[in-house]
Amino acid sequence: MILNLLGEPPVPLPNAHRIAHSGEAVGDYYLHWRDGRYQLCDQKQRHPPLTLDFAAYLKRSGSETLPKTLRGLSTEAPIADATAGWGKDAWLLASRGFSLSLFERNPYLATLLAAALDAALADPRTATIAARLTLIHADAATTLVPASFAAVYLDPMYPERRKSAKVKKHMQALQQLLGHSADDEAALLARARLAATRRVIVKRPQHAPPLADAAPAYHIDGPNTRYDIYPTA
């Protein structure tokens with residue numbers, strides 16, 4: 001399911017973002033339609049064109065640390081991924097049986113997610129997992145409704161280098177598309193704590209300070225990251 005809360009045409013946008021060459025683009029980034037899928041292209045060629053295909057996530061088991069952050073919650077409990085990005089973490093949780101609402105404010109990423117979700121729903125290998133995901137084209141920091149989810153998951157942008165070259169390309173694109181603002185982080189965390197009835201989970205690099213300098217009640221450590229937990233009343 002795809003919802004749009006930004007007052008713009010629903011995503012995916014098969015005509016508005018299908019451009020034939022970079023000269024038609026506005027800004028550094030544009031979406032190019034090729035071989036039946038969208039490619040996120042950078043006019044400055046800082047990285048090659050990037051695509052999103054949920055079927056590729058089937059080949060990766062993913063860390064089991066993230067599902068532990070939802071321990072004690074039923075798979076029927078409503079979960080929000082307020083910073084969907086490339087959708088990898090949401091896909092991992094959905095593959096473990098949880099249903100999630102994915103919030104993505106950037107129109108390029110929302111379009112990529114929507115197209116990938118449509119393709120996943122049509123693929124027997126991925127349809128069951130994809131059916132547990134609802135994409136919402138909106139800014140979670142302004143649209144999350146109080147007490148609307150059992151848990152809210154946040155993986156906000158953080159300007160830190162990653163070791164994997166493949167991850168670095170996707171993270172580089174996120175940094176350039178979304179930017180990084182301490183004020184945005186504080187607003188997002190505050191809104192998430194109002195929206196969650198059980199807990200807010202924030203993914204952080206292992207040695208990074210807590211989001212918006214708000215100390216969590218506890219954290220769960222993964223191999224390279226940690227998950228800060230903020231229980232709610």
Side-chain angles (χ1 to χ4, degrees), residues 62-106 109 136 138-164 167-168 170-233:
S63 169
E64 288 304 313
T65 309
L66 176 56
K68 290 178 182 178
T69 66
L70 298 180
R71 184 175 293 163
L73 295 183
S74 164
T75 54
E76 302 300 317
I79 311 296
D81 181 345
T83 52
W86 292 100
K88 184 177 180 180
D89 288 341
W91 187 263
L92 170 62
L93 293 176
S95 72
R96 301 303 185 267
F98 291 97
S99 295
L100 296 95
S101 296
L102 283 64
F103 288 79
E104 180 49 58
R105 67 182 183 180
N106 183 273
L109 290 173
I136 302 172
D139 185 350
T142 59
T143 57
L144 277 172
V145 176
S148 54
F149 293 97
V152 177
Y153 174 68
L154 305 177
D155 181 11
M157 196 68 260
Y158 192 81
E160 179 165 302
R161 290 187 176 183
R162 304 299 179 97
K163 293 181 181 179
S164 167
V167 171
K168 186 176 181 181
H170 288 74
M171 293 302 295
Q172 181 185 27
L174 281 182
Q175 289 175 347
Q176 291 156 0
L177 283 170
L178 303 178
H180 177 263
S181 166
D183 291 339
D184 288 347
E185 291 179 347
L188 181 59
L189 179 59
R191 191 81 176 211
R193 296 178 82 166
L194 289 175
T197 60
R198 296 288 297 276
R199 73 195 64 152
V200 174
I201 303 142
V202 182
K203 183 178 181 179
R204 301 297 280 163
Q206 191 63 259
H207 301 294
L211 189 66
D213 291 324
Y218 63 97
H219 63 266
I220 299 174
D221 287 326
N224 301 307
T225 60
R226 73 171 194 273
Y227 298 89
D228 292 345
I229 311 298
Y230 300 83
T232 55

Asks: Can you tell me how far apart CG (Asn106) and OG1 (Thr83) are? Round to the nearest 0.5 Å.
Replies: 13.0 Å
Asks: For Leu189, run the side chain to side chain contact (heavy atoms under 4.5 Å, CB included) check against Glu185, Arg193, Arg191 and tell me which one passes.
Replies: Arg193
Asks: How far does OG1 of Thr143 sit from CZ of Arg105, to the nearest 0.5 angstrom?
Replies: 11.0 Å
Asks: Quick one: closest heavy-atom pair of Ala217 and Pro231, and the distance?
Replies: CB-CD, 3.4 Å
Asks: So does Thr75 get a backbone contact from the side chain of Arg96, meaning a donor-acceptor N/O pair under 3.5 Å?
Replies: no
Asks: Would you call the rings of Phe149 and Phe103 parallel, tilted or perpendicular, taking 30° and 60° as the class edges?
Replies: perpendicular
Asks: Rounded to the nearest 0.5 Å, how far apart are CZ of Arg204 and OG1 of Thr225?
Replies: 11.0 Å
Asks: Between atom CZ of Arg71 and atom CD1 of Ile220, what is the distance when rounded to the nearest 0.5 Å?
Replies: 6.5 Å
Asks: Taking the side chain from Thr69 and the backbone from Ile201, do they hold a donor-acceptor pair closer than 3.5 Å?
Replies: no
Asks: Pick one: which of Ile79, Asp81, Leu144, Leu188 meets side chain to side chain contact (heavy atoms under 4.5 Å, CB included) with Val152?
Replies: Leu144
Asks: Where is the tightest heavy-atom contact between Ala196 and Ala150, given as atom of each residue plus distance?
Replies: CB-O, 4.0 Å
Asks: Does a side-chain heavy-atom distance below 4.5 Å link Pro156 with Leu211?
Replies: yes
Asks: At their closest point, which heavy atom of Phe98 faces which heavy atom of Leu73, and how far apart are they?
Replies: CE2-O, 3.9 Å
Asks: Can you measure from CD (Glu64) to CG (Leu92) and round to the nearest 0.5 angstrom?
Replies: 6.5 Å
Asks: Under the criterion side-chain contact (heavy atoms from CB on, under 4.5 Å), I'd like the reasoning laid out for Asp155 against Asp89: C-alpha separation, chi angles, the key distance, then a yes or no.
Replies: CA-CA 9 Å; Asp155 181 11; Asp89 288 341; 3.8 Å; yes
Asks: Any side-chain heavy-atom pair from Tyr153 and Leu100 closer than 4.5 angstrom?
Replies: no
Asks: Are Pro223 and Thr65 close enough that some pair of their side-chain heavy atoms sits under 4.5 Å apart?
Replies: yes
Asks: To the nearest 0.5 Å, tell me how far Tyr230 OH sits from Leu154 CG.
Replies: 9.0 Å
Asks: Is there a donor-acceptor pair under 3.5 Å between the side chain of Arg226 and the backbone N or O of Gln206?
Replies: yes
Asks: Compare all side-chain heavy atoms of Leu102 with those of Glu104 and state whether any distance is below 4.5 angstrom.
Replies: no
Asks: Could you pull out the closest heavy-atom pair between Pro67 and Leu93, with the gap in Å?
Replies: CA-CD2, 3.9 Å
Asks: Verify, without hydrogens or angle tests, whether Thr232 (side chain) and Arg198 (backbone) share a donor-acceptor contact under 3.5 angstrom.
Replies: yes
Asks: Tell me if a side-chain donor or acceptor on Ser101 pairs with a main-chain N or O of Ala80 at a distance below 3.5 Å.
Replies: no
